[in-house]
Every structure is written in structure tokens, then in C-alpha cells.
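FYI, the numbering just counts along the sequence from 1.
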Amino acid sequence: MTARKFVPLALVLLAGGCAHAGDITAGGITAVRTPCPEVIVPAGTGDITLFDPATSRDANTIDVSATMTDVRSTCDASGEQVVTNVTFQVNAARTRTDGARDLTLPYYIAVVQGGSVVVAKRTGQVSVHFDAGQARASTSGHASANVLRSAATLPDEVRRELTKPRKAGQEDAAVDPLSKPSIKQAVQRATFQAAVGFQLTDDQLKYNVTR
């Protein structure tokens, strides 16, 4: 998995004071920005397919397929480190059911800054057990990601620029502050995502993207 596989998402503005999402202020509608990263499953990494033989890509040679579902997260932003804990379910299916089988599948969690730059990554494994005669099985997994609260916080001057009241008729009333490169770059630097998915080989990712 490399940074180029992530697609930048829409950026959210940071409101000042005690504004809540959707509040109408003198300057218009505001939105609250949180230091907690958005949790995503990047396209192409939410499922994995194993073949027998491993080099085949024929549908008739599929050995096991598995999908990552029910991805949930909790976030603790009370300290210097913003900690995001992610849980997920893995649902697997196999073709041959003649005996019991234990299967280990790799996964990753990555911290992505600005929608495209991977700044940290961990890998792990989940184990799935099939009883004899059983075609389907499931298991659960978990992962965590840390982001420095200071890195996910906009500088005061940027926050003031984004949230200052704008009245009709003023020169900058119709100007989107994100159209200013310095403001846009500051928001991107302070925007993080926690990306989770299966740790795929290049061939497995290509299969997912092109099938």
C-alpha cells in the first residue's frame, strides 16, 4: 500500500467558540472540525482473494475470499495523543470444506495526512477457523492509530481567517478562504485519516481493482 492509492477527501472547516455543526452565525453556516481522524477503508483493500494455485486468477481456482465489514471506531482526544481504536469484522468463505482449517489474514492500519501522505503504518493478523464441512466463518479484529493533537489543530491565524464573519458587500464576502493556497495547505496538514484494510500484495490489489 502506498500513498498514491489514497484519494483526497473534502476538507472541513473549523468553527470558533462554541458553535455546533449547522449553526448559523453572522458569517453564515459553520461546521465543527474535530482532531479525531476520519476512519476509511481505501478502495481495493476491503477484501482479499486467495487462489490455488496461488499464481492463478481464474475464478474456478478461488480458494478463499474474505471481506472486511462493520468497521467501527472510537476516539479519545482528551490528551496530547489523539487515540483512535478501530474494530472490524472479517467474513470469509472457502471452496473446499473437506477438513478443518485455520487461516491467517494480514491487515494494516495507516495514518494518512492531507488525504495522500502515509505518515505511520502498522500491520497485524486475524485468524479465521473453519470447522470440517464449514464453508463460511467469521472473526473480529482491532487496530489503533495515534495522532499528535498539536498536528491535528489549526494555527490560530488560520482558524480566525476561516471563521471570521463575512457580510454581504464586503470585498472578501464571496471569496472562499480555501482558495488561498496558504489556508488550504494549513487545513490539509491538520487533516488526518485512519485507513484500515487488508495488507495486499501488488498482484492482489491489481486483482481487486481490475476484476
Can you name the nearest heavy-atom pair linking [X] to [Y], along with the distance?
| X | Y | answer |
| --- | --- | --- |
| V196 | P42 | O-CD, 3.5 Å |
| F51 | D58 | CE2-O, 3.5 Å |
| V41 | G46 | CG1-CA, 3.7 Å |
| V82 | P35 | CG1-O, 3.9 Å |
| A137 | V128 | CB-CG1, 3.6 Å |
| N146 | V111 | O-CG2, 3.9 Å |

Can you find a pair of side-chain heavy atoms, one from [X] and one from [Y], that are under 4.5 Å apart?
| X | Y | answer |
| --- | --- | --- |
| L105 | V90 | yes |
| D70 | R72 | yes |
| K121 | I109 | no |
| F198 | M68 | yes |
| V126 | Y107 | yes |
| V64 | T95 | no |
| P106 | T123 | no |
| V119 | V112 | no |

S78 versus D76, side-chain donor and acceptor atoms under 3.5 Å:
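Note: D76 and S78 side chains meet the donor-acceptor criterion.
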Residues T49 and R57: side-chain donor-acceptor under 3.5 angstrom
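Absent: no donor and acceptor within the cut-off.
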Applying salt bridge (Lys or Arg N to Asp or Glu O under 4.0 Å), run through R94 and D52 and close with a yes or a no.
CA-CA 11 Å; R94 62 173 178 165; D52 187 13; over 6 Å; no
Can you tell me how far [atom2] of [Y] sits from [atom1] of [X], rounded to the nearest 0.5 angstrom?
| X | Y | atom1 | atom2 | answer |
| --- | --- | --- | --- | --- |
| D131 | H129 | CG | NE2 | 4.0 Å |
| S56 | L50 | OG | CG | 12.5 Å |
| Q193 | E38 | CD | CD | 5.5 Å |
| T67 | N91 | OG1 | CG | 7.0 Å |
| I48 | Y207 | CD1 | OH | 11.5 Å |
| R189 | K184 | CZ | NZ | 13.0 Å |

Determine which pairs satisfy disulfide (SG to SG under 2.5 Å) with at least one residue from residues 39-147, sequence neighbours left out, and list them in order.
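Sorted result for residues 39-147: C36-C75.
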Would the number of heavy atoms belonging to other residues, nucleotides or ligands and lying under 6.0 Å from NE2 of H142 be above 12?
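No, because the 6.0 Å sphere around NE2 of H142 holds 12 heavy atoms or fewer from other groups.
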Decide side chain to side chain contact (heavy atoms under 4.5 Å, CB included) for F88 and T69; before the verdict, give the C-alpha distance in whole Å, the side-chain angles of both, and the deciding distance to 0.1 Å.
CA-CA 6 Å; F88 54 87; T69 65; over 6 Å; no
ILVMFWY cluster, L154 and L148 together (side-chain gap under 4.5 Å)
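Hydrophobic grouping puts L154 apart from L148.
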Using the side chain to side chain contact (heavy atoms under 4.5 Å, CB included) rule, take T97 and F130 through it: C-alpha gap first, then chi angles, then the decisive distance, then the call.
CA-CA 8 Å; T97 62; F130 295 92; over 6 Å; no
Pair Y108-T45, side chain to side chain contact (heavy atoms under 4.5 Å, CB included): steps then yes or no:
CA-CA 10 Å; Y108 72 88; T45 69; 3.3 Å; yes
Residue pair V209, L205: steps toward the side chain to side chain contact (heavy atoms under 4.5 Å, CB included) verdict:
CA-CA 6 Å; V209 172; L205 181 61; 4.2 Å; yes
Does R136 have any side-chain contact (heavy atoms from CB on, under 4.5 Å) partners at least two apart in sequence or in another chain, and if so, which?
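Once residues adjacent in sequence are excluded, the partners of R136 under the side-chain contact (heavy atoms from CB on, under 4.5 Å) criterion are A93.
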